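The residues of the chain are indexed from 1 along the displayed sequence. Keep in mind that the numbers below use all heavy atoms, side chains included, and drop hydrogens, waters and symmetry copies. What you see is a predicted model, and the numbers here were worked out from it, not measured in a lab. Atoms within a ligand are numbered from 1 in the order they appear, just like the ligands themselves.
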Amino acid sequence: MKIVIIGSGLAGLSAGYRLCKSDEVIVFEKDPDIGGMSASYSLERSGKKYFIEKYYHHIFRSDSELLALIKELGLEKQMMWLKGKTAYFVDGKNYPMNTPIEILHFSPLSVPDLVKLGLLVLRIKFIKDTTPYDRIKAKEWILGTAGKSVYENFFAPLMKSKFGDNAENVSAAWLIGRVKIRSDRGAEGEKLGYMRGGFNSLIEALAGEITANGGEIRTNREVTEIVITENTVQGVVVDGDFIACDAVISTAEPAVLDALTKGKLGDLHTTLKSIRYQGTACALIGLDRSLMKDGNYWLNIKADVPFGAVIEHTNFMPFEDYGENLVYVTSYFQDEKSPLWMQKEEEIIDSYLKGLERMFPEFSRKDVRWTRLYRRIDTAPVYEQGYLEKVLPFAAGPSGLYLAGMFSSSNYPERSMNGSVKAGFESAESLMKEKEVRSQ
Ligand SMILES: Cc1cc2nc3c(=O)[nH]c(=O)nc-3n(C[C@H](O)[C@H](O)[C@H](O)COP(=O)(O)OP(=O)(O)OC[C@H]3O[C@@H](n4cnc5c(N)ncnc54)[C@H](O)[C@@H]3O)c2cc1C
């Protein structure tokens with residue numbers, strides 16, 4: 001079969017990897033680089049080249065499909081499990097948040113509120129099925145279980161920095177999923193996974209497998225239509241050319257899929273229109289010296305600055321791998337009217353640096369070697385109340401059309417690299433099953 005895959009993120013490459021040995025695979029990617037949201041910059045320091053993700057990434061021990069894939073590709077030796085120190089910056093002060101004991105010292109909450117927070121986390125640990133919580137708003141659930149102060153002083157700033165004006169609509173299912181994964185730590189704190197050399201190694205290995213098996217990956221090629229007649233996929237249009245194929249796996253976001261299919265998806269059209277995505281404007285800064293001298297990797301922020309988190313990659317991975325200090329400064333944004341989408345790159349970088357100057361008195365712009373900004377409008381579904389009903393199927397309806405990506409069930413109630421790898425595999429499996437049925 002000739003299979004077109006739209007998108008070279010982890011979902012598209014994983015699907016291509018599964019299918020390339022049995023079928024003819026062509027991946028079309030609209031960007032110049034492969035990898036989608038897991039793509040990396042290729043940078044150089046003192047003549048030494050290194051890769052670093054455009055968006056900060058780490059993984060968890062529970063990411064079983066991703067870890068199995070890394071092993072299958074012979075990249076297991078690159079996996080490192082390290083402590084990434086986390087803190088919460090509230091009104092000018094850093095509160096370490098690594099161990100239960102440290103969390104108990106979070107003084108913006110009173111002792112009775114800390115007990116309520118602890119009980120809420122404990123309760124979450126015992127929730128096996130998040131489905132019933134999809135219909136409840138996280139805000140209402142926290143207010144009802146842990147009270148106003150825990151909501152306002154602990155969760156609300158974190159949710160606001162993640163979902164902006166949509167924070168109050170996010171479901172309790174999302175919150176529970178998030179807390180579950182982040183509270184899966186012993187008394188010593190959690191260990192996070194990272195591939196030495198960057199997740200670029202995984203992207204390159206998948207792409208290498210596809211091309212070694214006769215597949216093609218074409219970058220700077222945007223699919224503008226999925227041609228469907230009589231409820232059957234005929235091919236795609238790329239740069240005005242029609243390319244016939246037997247099946248299409250689309251990993252493009254719902255609004256794009258809706259435009260590509262030109263109203264041929266029946267009832268799914270309404271769902272595609274109703275799924276909201278948000279964007280991320282993430283700066284990566286190369287510095288002469290460390291920003292967070294207390295060794296923090298991850299800092300969540302409640303302060304009047306235009307970003308929600310600061311992530312110092314070289315407080316997590318060894319500095320020697322890079323030869324310079326690498327710091328991400330990042331913010332989610334809700335739509336294309338946001339200044340983080342409208343403003344020029346220099347303006348955003350300047351506003352981020354001003355924010356760092358306010359937060360870190362020792363920080364000086366003289367220490368900045370270089371900056372990069374990566375922003376995309378389609379970086380995560382907003383997991384609003386009732387979102388579960390909108391999760392897209394792997395087989396989209398018309399014969400030969402398959403879907404995999406952040407909108408798939410494996411990425412509910414939070415998207416991740418693991419979820420997209422799993423989605424890629426599941427869409428490939430659906431396709432193989434249909435192929436088997438067709439051949440009988
Ligand atoms: C700031 C940030 C931090 C993150 N941190 C983590 C983390 O620590 N751990 C973790 O597990 N996950 C993390 N993620 C999530 C993870 O990056 C994603 O879940 C995953 O990479 C999504 O892969 P995907 O293939 O589903 O989608 P994408 O990577 O978005 O791939 C879709 C691809 O399709 C292409 N495309 C779209 N339309 C067309 C078209 N018409 N024609 C051709 N190509 C098209 C796009 O350009 C893109 O390359 C993070 C994400 C962000 C934004």
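- Comment: D246 does not engage K435 in a salt bridge, judged by the lack of any side-chain N to carboxylate O separation of less than 4.0 angstrom.
- Side chains of H58 and Y297: a donor on one and an acceptor on the other come within 3.5 Å.
- Ring geometry for F163 versus W174: interplanar angle over 60°, hence perpendicular rather than tilted (30 to 60°).
- Among protein heavy atoms, atom 42 (N) of ligand 1 sits closest to V223 N, 3.0 Å.
- Near G405, with a cut-off below 4.0 Å to any heavy atom, the atoms of ligand 1 are 26 (O).
- Partners of W141 according to the ring-ring contact (aromatic ring centres under 6.0 Å, His included) rule, which considers only residues two or more places apart in sequence or in another chain, are Y133.
- The proximity of S420 to ligand 1, defined as any non-hydrogen pair under 4.0 Å, is limited to the side chain.
- In this structure, R18 pairs ionically with E72, as a charged nitrogen and a carboxylate oxygen lie closer than 4.0 Å.
- Under a 4.0 Å criterion applied to the non-hydrogen atoms of A252, ligand 1 contributes the atoms 37 (C), 38 (N).
- Using 4.0 Å as the threshold, S38 has a heavy atom nearer than that to some atom of ligand 1.
- Per-residue contacts place T379 under 4.0 angstrom from the following atoms of ligand 1 (heavy atoms of the residue considered): 53 (C).
- Regarding atom 15 (C) of ligand 1, its nearest protein heavy-atom neighbour is R415 CD, 3.6 Å.
- Side chains of Y322 and H313: a donor-acceptor N/O pair is present below 3.5 angstrom, by distance only.
- The aromatic ring centroids of Y328 and Y56 lie less than 6.0 Å from each other.
- Atom 33 (C) of ligand 1 has as its closest protein heavy atom G7 CA, 3.6 Å.
- In terms of N/O distances under 3.5 Å, ligand 1 is not approached by L260.
- Which parts of ligand 1 touch D31 is read off a 4.0 Å heavy-atom cut-off, strictly below it: atoms 47 (O).
- Distances shorter than 4.0 angstrom occur between a heavy atom of T280 and an atom of ligand 1.
- Of all protein heavy atoms, the one lying nearest to atom 49 (O) of ligand 1 is E29 OE1, 2.6 Å.
- The protein atom (non-hydrogen) at minimum distance from atom 40 (C) of ligand 1 is I6 CG2, 3.6 Å.
- Nearest-heavy-atom check against atom 3 (C) of ligand 1 across Y194, F199, F28, Y56 picks out Y56.
- Protein heavy atom at the shortest distance from atom 18 (C) of ligand 1 is M37 CE, 3.5 Å.
- For ligand 1, the atoms sitting less than 4.0 Å from at least one non-hydrogen atom of G36 are 29 (O), 48 (C), 49 (O), numbered in the order shown with element in parentheses.
- Looking at Q334 and N166, their side chains do bring a donor and an acceptor atom within 3.5 Å of each other.
- Atom-to-atom distance recorded for E209:CD and S14:OG is 12.0 Å, nearest 0.5 angstrom.
- Taking the ring centroids of F316 and W298, they lie at or beyond the 6.0 Å cut-off.
- For the ligand labelled ligand 1, residue R221 lies inside the 4.0 Å heavy-atom shell.
- The distance criterion of under 3.5 Å between nitrogen or oxygen atoms is not met by E222 with respect to ligand 1.
- Looking at heavy atoms from C-beta onward, L43 lies in side-chain contact with I52 at the 4.5 angstrom threshold.
- Counting heavy atoms under 4.0 Å from ligand 1, residue Y55 touches it through the side chain alone.
- Contacts between R376 and ligand 1, counted as non-hydrogen atom pairs separated by less than 4.0 Å, involve the side chain only.
- Between the side chains of S171 and Q385, no donor-acceptor pair of N or O atoms lies under 3.5 Å.
- The protein heavy atom nearest to atom 9 (N) of ligand 1 is H58 O, 2.8 Å.
- Partners of E426 under the side-chain contact (heavy atoms from CB on, under 4.5 Å) rule, at least two apart in sequence or in another chain, are F394, K422.
- Annotation: D378 places no N or O atom under 3.5 Å from an N or O atom of ligand 1; distance criterion only.
- Ranking protein heavy atoms by distance to atom 50 (C) of ligand 1, first place goes to H57 NE2, 3.5 Å.
- A side-chain N or O of Q234 and one of T229 form a donor-acceptor pair less than 3.5 Å apart.
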